[in-house]
Structures are given as C-alpha cells and as structure tokens.
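What follows is a set of notes on a single structure, which appears directly below.
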Amino acid sequence: MNVLSYGETAMSTPGTLTLLGGLPVRSPTASWPLWPQGTPATLNALQRVAQGGRWTNSGPYQGNPLFERDFARAFAKYCEVPYCVPTDHGTSALVAALEGLDVGAGDEVIVPALTWIATATAVTAVNAVPVVVDVDPDTLGMSAEAARGALTSRTAALLPVHLYCGMADMDALLAVAEKAGIPLLEDCSHVHGARWKGRPAGSLGSLGAFSMQQSKVLTSGEGGAVVTKDPSLAHRVEQLRADGRVWSDALLDHYDMELVLCGEVQGSNYCLSEFHAAVLLAQLADLDAQHARRMENAAVLDALLAEIPGVSALGCSPDVTHRVYYCYVLHISPDHFAHRPIAAVGRAIAAELGIPVFPTYPPLTEVGSYRPRSKRRFHISSDHLAALETHRHSVPVAHHAHAEHLCIPHQFLLGDTLDMHDIANAVEKVSRLASTIPAESGP
C-alpha cells in the first residue's frame, strides 16, 4: 500500500486517508501549541489573589486594588473607550448590555443567522424576540440589507456578530441603526483587538460585548466584558451586573466594601471573580504578540491553500484594518471534494493533523439546543412562543455557507511555518482522495 510517510508532502504520493488506515500527514508524536497558555505572569497573578484575602469584588478591602478594576481600566484602554464593565461570562455581557439599552418585553432584536446560540438566548433572557437575518456570503457577518428588511416598529436593537476572523460591515449596519433610530450592540466575542477603519471592535456601536471563554483569543476560562463610550450606559450596566451596586471611589480602610449600593436599577450577579480578572490582566499583555504570530502564519497558509483547486481562505472587508483570527476559515468547493458532506471533509482533514477541523456554526434556524418552549419562563403567551421560533426565518445564504466552510481554531496559528505546510498538505491530500471519504464519517 502506497501511503504518506512523515516528512513527505501530501502531493508526493497517492496516499491513503488516515480514516482508512493510511499514515497521517503529521506524525502523532508532533505537538501543536496548547491553549490556553499559562504563563509565569498568569501563575504569579493567581498566587497573589489566592494569598491576598479577597477573591471577588464583594469581598472586603485588604489593602490592594481589585484585579477586576485594573483589568477594566486596561481593557477599556485596549478598546479605546473610557468604560469597561467585566462580567462572569460572555452571555452575561450580552444580557447586561441589552438591559443597559433597556431592551425588554415586546421588543425585537435583529441577530445574524451564523453565531453561537448565546447571541439569541441572551435576547430571550430579557424577554425580547431574536429576529434572525441572513449573512453576507463574503464575510459571514450580518447582511445590512437583510437587517434593513427585518426592521419593524418593535425593533429595539441591532446585534451584529464579528465572526471568526472578520467584522460585520459596520458602516452599513450603523447607517441602518441610525436611520431606524435604534442602538447597535456589537458582539465581539471572537475579535478582541480587531479594527474597522482603525477603530477597535466594541467601540463603534453603543456598546460592545466580549466573551473570555476558554476558546477565545483572550481568555480566563470563563469571563466577559461590556465596553462603551457612554458614561450613563456604563453606570447602568455596572449596576445590572452587580445587584444594583457600583464600584466605590471613596478612600477605603481595611474591611470596607468596594462595591456600594446604588439601586437605580435592579441588577443580577454577573461579577467576574478576582482569579479570572487576574488571569485576564496577565493574558492581555501577550495578546498583541499572539495576534501578530497568527496573522503571519495565516498569510503563509493563505498562499499555500491558494495553490489547491477548490480551496480558499474566507475573505475579509478591506475596511478591517487589523484582522484577528479566532478561527481560520476555509471555503471548500463541493466539486473538488467529491460532494462529500462538509463535516466528513473536516473529519478527514482533522485525522491527518490530529487537531479539530469543523464546520461553521449551524444557522440559528437549525440549532437543536435553542428550545424556548422547554422553559416555562417563556410561556408568556402563545403569540410570544410562536415569535421565538427561529425556524420561521429564511436564511439561505447561511445554509449555503455552513455547507461549504471549515474552521481551524486559532491556537494552531501559533505554531511555525512547517505547521502551516502540514495543514495545507492535509487539505490537499483530502481533496485528492475525497472520493474515498467513508460515508460514515459524515452526516
């Protein structure tokens, strides 16, 4: 049997897919970059919290500043806005931001078809209705034309998502929001540090919401943040995430509480722990260097994949002046991959490399875990339940995109040039042998 041997290029031998018993493109003993990356600075920060006597912002003052407040200042500066309110999760950031904008019962919020389920469930959590619209085929972000067509008298906000390695068309979407007289909330969970015409993600809309979940480019395992230029919105969101409390600016003595009751709005407890804040502050220092490494390797991979028929990297608007890679996204032409299901193609490439390679999010109209009828809290009325059903929306571009794109997580762009060659060789090998991909490897 003529199979690929380690060190050869995928083009040098007919080969056999690893799924069928062939030798993989990459040796199983070869390591890939680990994510998250626990640096000495991260471990030192955690130790300081562990020994400092204050593990959350609701703990009594012990003579040292809150890591949470230090991170808030640092991340606000990074996003070039005056205000940042940390939260315990990205979903909490979305909920607090929506409530900050006074979105609630009877309102509609326009969301894109391709996104993680939390973009929609955050809307339902404030008793509003997510209205799912189609995406732009070139960037996979919310289509401004589709958003404009979905506006009604009940539309309370636009909620575009900057997806994977691009940004939604902010000029067009901001124009839609401005003409309709509604706020725009950016879901920036994938793109900490990306820029649109020089302006950081999160700084363009009324508010920006971030996730710091483990897979994100800035992570503390779980975490989130809301950023804004508006002092009144920041003050409201601060209360919404801390049971109506805000940070005190008074001079503190030992055992004073740094969170003080304001009570202008009823809040919830979405506060970030000191452990998580300490990790984020340490990780933020490395973020731009990691971005640079990913961009360098992405450029190498772009060039290599351009030589493979039927394969291309996902495009990006020229107005994105600094690109961030949460996932490297490939477009796969079915004609060049024997019309095998996209998940099967992804698994075949993954087997060659020993890393996850998977399709985009399914359209929100098809997500099985979006089940508002399973919770009695949403049984407000039969009309409300019917409105919450996402399958009522037509999103053909999102369906087509889901069937032809694959994602590679960002950590694998932190390797070296040889790693990029391995990825390209694996894609070429699977393309060449696509007709042999077993049926059971895909849906």
Side-chain angles (χ1 to χ4, degrees), residues 9-11 17 25-26 112-114 134-143 161-169 190-191 194 294-353 355-363 396-413 415 417-435 437 442:
T9 66
M11 297 77 159
L17 290 176
V25 166
R26 187 177 176 92
L114 292 183
D134 219 340
V135 297
D136 182 287
D138 296 323
T139 66
L140 308 188
M142 179 188 286
S143 161
V161 177
H162 303 313
L163 195 69
Y164 293 132
C165 54
M167 294 182 70
D169 186 341
H190 291 182
V191 294
R294 293 186 189 101
M295 289 180 67
E296 179 182 333
N297 278 325
V300 172
L301 193 51
D302 286 350
L304 293 171
L305 293 174
E307 299 179 7
I308 304 173
V311 179
S312 60
L314 180 67
C316 186
S317 168
D319 290 325
V320 177
T321 49
H322 183 75
R323 194 173 190 182
V324 165
Y325 285 87
Y326 169 66
C327 283
Y328 186 95
V329 182
L330 307 172
H331 175 257
I332 300 294
S333 171
D335 290 343
H336 290 82
F337 284 80
H339 289 270
R340 290 300 194 265
I342 193 67
V345 175
R347 278 192 283 271
I349 297 171
E352 301 296 333
L353 295 168
I355 65 174
V357 180
F358 46 84
T360 69
Y361 299 126
V397 177
H399 281 276
H400 185 77
H402 177 61
E404 295 191 359
H405 289 85
L406 290 172
C407 302
I408 299 173
H410 65 86
Q411 72 194 71
F412 304 108
L413 294 178
T417 301
L418 291 178
D419 294 334
M420 301 307 104
H421 279 268
D422 279 348
I423 292 172
N425 289 340
V427 173
E428 191 281 335
K429 179 183 176 184
V430 171
S431 172
R432 179 165 36 84
L433 304 173
S435 62
I437 294 175

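What you are looking at is a predicted structure, and each value in this text was computed from that prediction instead of being measured.
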Among residues at least two apart in sequence or on other chains, which ones pass side-chain contact (heavy atoms from CB on, under 4.5 Å) with Ala313?
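So Ala313 forms a side-chain contact (heavy atoms from CB on, under 4.5 Å) with Asp302, Tyr328.
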
Decide yes or no on side chain to side chain contact (heavy atoms under 4.5 Å, CB included) for His162 and His190, but give the supporting numbers first.
CA-CA 7 Å; His162 303 313; His190 291 182; 5.9 Å; no

Do side-chain atoms of [X] reach the backbone of [Y] as a donor and acceptor pair under 3.5 angstrom?
X	Y	answer
Arg323	Met295	no
His405	Leu330	no
Asp419	Leu413	no

When rounded to the nearest 0.5 angstrom, what is the spacing between [atom1] in [X] and [atom2] in [Y]?
X	Y	atom1	atom2	answer
Arg340	Leu433	CZ	CG	11.5 Å
Met142	Asp134	CE	CG	11.0 Å
Lys429	Leu353	NZ	CG	9.5 Å
His322	Met167	NE2	CE	11.0 Å
Ser333	Ile308	OG	CD1	13.0 Å
Leu305	Met420	CG	CE	10.0 Å

Closest approach of [X] to [Y] (non-hydrogen atoms, all atoms of both residues):
X	Y	result
Ile342	His402	CG2-O, 3.5 Å
Cys407	Val329	SG-CG2, 4.2 Å
Ala344	Ile437	CB-CG2, 3.9 Å
Cys165	Leu314	SG-CD2, 4.1 Å
Leu163	Leu140	CD2-O, 3.7 Å
Cys327	Pro409	SG-CA, 4.1 Å

Please report the C-alpha distance between Leu17 and Glu352 in whole Å, then the side-chain angles of each, then the deciding distance to 0.1 Å, and finally whether the side chain to side chain contact (heavy atoms under 4.5 Å, CB included) criterion is met.
CA-CA 8 Å; Leu17 290 176; Glu352 301 296 333; 3.9 Å; yes

Between Tyr361 and Tyr164, does the ring centre distance come in under 6.0 Å?
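Ring-ring flag for Tyr361/Tyr164: true, centres closer than 6.0 Å.
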
Tell me whether His400 at atom NE2 has more than 12 heavy atoms from other residues, nucleotides or ligands lying less than 6.0 Å away.
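For His400, atom NE2 is not crowded (no more than 12 foreign heavy atoms under 6.0 Å).
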
Sequence neighbours left out, what passes side-chain hydrogen bond (donor to acceptor under 3.5 Å, both in side chains) with Asn297? Give chain and number order.
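Asn297: no side-chain hydrogen bond (donor to acceptor under 3.5 Å, both in side chains) contacts found.
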
Give the ring-plane orientation class for Tyr326 versus His410, where under 30° counts as parallel, over 60° as perpendicular and anything between as tilted.
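Tilted, since the angle between the ring planes falls between 30° and 60°.
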
